[in-house]
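Working notes, beginning with the structure itself.
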Amino acid sequence: GETGIHGGSASFTSNGQDPPRSTSWGITLSPKFGYFVADSVQLRLTALYDYYQEDQQGYQAVDNAFSFLFGPAYFFDQGTHIFPFMGFGLGYTLSTFETRENAGDTPETFTFIGFSGEAYAGMRYLFGEYTFMDLSLPYLLDFLKDSENGNNKKTNGTGLLKLGIGIRF
């Protein structure tokens, strides 16, 4: 089979408002590694890191999340340089959430663990033998519980249009 860094994305967000004098920013990194087990079927491992911070008049919240997902992707061979694809992944997420009511306070920290699922569809354009570009619409859903007592629950769902560049070897 053929292996390589099959896509991925990196993003940065920033927002500021006055009033109430609040700022937020975040970064997401999401490389995808794949191995073709058949002509049109690829097994993928996705690693995801997400960081988000919000500050508002002394209050601060920080969220760190790490996810690993594994699953198949199917590529529809059109006989051209353009390949529609779709797939899904299932995996595990670890998320820590910290809050401070005032600057200098000791943070209150919650750790969440649980399962994640991802479904996606998109188009791959081959530039040459070893480079390509993916345009995809993924949807990621996390089902997390507080690791301390299981009473606190957190469900996240995100869907964004992503553009990624990849290399195969």
Side-chain angles (χ1 to χ4, degrees), residues 1-14 24-54 61-77 82-99 107-126 130-169:
E2 175 186 298
T3 161
I5 301 171
H6 285 273
S9 64
S11 65
F12 176 80
T13 59
S14 179
S24 62
W25 68 277
I27 187 167
T28 301
L29 302 172
S30 178
K32 295 181 185 304
F33 304 92
Y35 182 80
F36 277 94
V37 293
D39 284 342
S40 298
V41 179
Q42 180 186 67
L43 293 180
R44 281 188 170 183
L45 174 66
T46 300
L48 175 71
Y49 172 70
D50 193 24
Y51 177 90
Y52 180 78
Q53 179 175 321
E54 180 181 352
V62 175
D63 194 4
N64 273 293
F66 299 91
S67 299
F68 295 95
L69 297 110
F70 182 75
Y74 185 82
F75 290 81
F76 299 91
D77 188 354
I82 298 174
F83 296 85
F85 65 90
M86 61 186 222
F88 68 92
L90 298 173
Y92 175 79
T93 295
L94 171 66
S95 176
T96 59
F97 183 72
E98 283 185 2
T99 61
E108 186 175 8
T109 304
F110 300 95
T111 302
F112 294 89
I113 56 174
F115 294 100
S116 298
E118 177 184 44
Y120 53 88
M123 301 289 281
R124 172 168 287 178
Y125 180 80
L126 297 176
Y130 296 105
T131 57
F132 59 86
M133 179 176 63
D134 284 347
L135 180 63
S136 65
L137 183 60
Y139 186 78
L140 178 67
L141 187 61
D142 299 320
F143 297 100
L144 308 175
K145 286 186 179 181
D146 188 330
S147 63
E148 293 291 319
N149 56 25
N151 291 335
N152 295 324
K153 295 180 182 176
K154 184 168 120 173
T155 302
N156 295 328
T158 57
L160 299 169
L161 186 62
K162 293 187 177 180
L163 179 65
I165 303 291
I167 301 170
R168 62 183 185 172
F169 46 91

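Bear in mind that the values here come from a model prediction, so they are computed numbers and not experimental data.
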Answer yes when Glu118 and Lys32 have at least one side-chain N-carboxylate O distance shorter than 4.0 Å, and no when they do not.
yes
Criterion side chain to side chain contact (heavy atoms under 4.5 Å, CB included) against Leu48, the qualifying member of Thr93, Thr28, Leu29, Asp142:
Thr28
Looking at Phe66 versus Phe68, is the centre-to-centre ring distance below 6.0 Å?
no
Residues which pass side chain to side chain donor-acceptor pair (under 3.5 Å) with Gln53, listed by chain and number, not counting sequence neighbours
Tyr51, Asp55
For Tyr120 and Pro138, work out which heavy atoms get closest and say how close.
CB-CA, 3.7 Å
I want to know whether Phe83 and Phe132 have ring centres closer than 6.0 Å.
no
Search all heavy atoms of Thr46 against all heavy atoms of Ser30 and return the closest pair with its distance.
CG2-OG, 3.7 Å
Compare all side-chain heavy atoms of Tyr139 with those of Leu137 and state whether any distance is below 4.5 angstrom.
no
Mind checking whether Leu90 and Phe115 have side chains closer than 4.5 Å, heavy atoms only?
no
Using 30° and 60° as the class boundaries, would you call the ring planes of Phe112 and Phe110 parallel, tilted or perpendicular?
tilted
Can you name the closest pair of heavy atoms from Leu144 and Ser95 and give their distance?
CD1-CB, 4.0 Å
If you measure from CZ on Arg124 to CZ on Phe76, what distance do you get to the nearest 0.5 Å?
13.5 Å
Testing the basics here: between Leu140 and Ser116, what is the closest heavy-atom pair and its distance to 0.1 Å?
CD1-CB, 4.3 Å
Side chain proximity check, Tyr35 to Leu45, heavy atoms < 4.5 angstrom:
no
Is it the case that the side chain of Thr96 and the backbone of Thr111 share a donor-acceptor pair, with hydrogens and angles ignored and the cut-off at 3.5 Å?
no
Which atom of Phe75 lies closest to which atom of Gln42, heavy atoms considered:
CE1-OE1, 3.8 Å
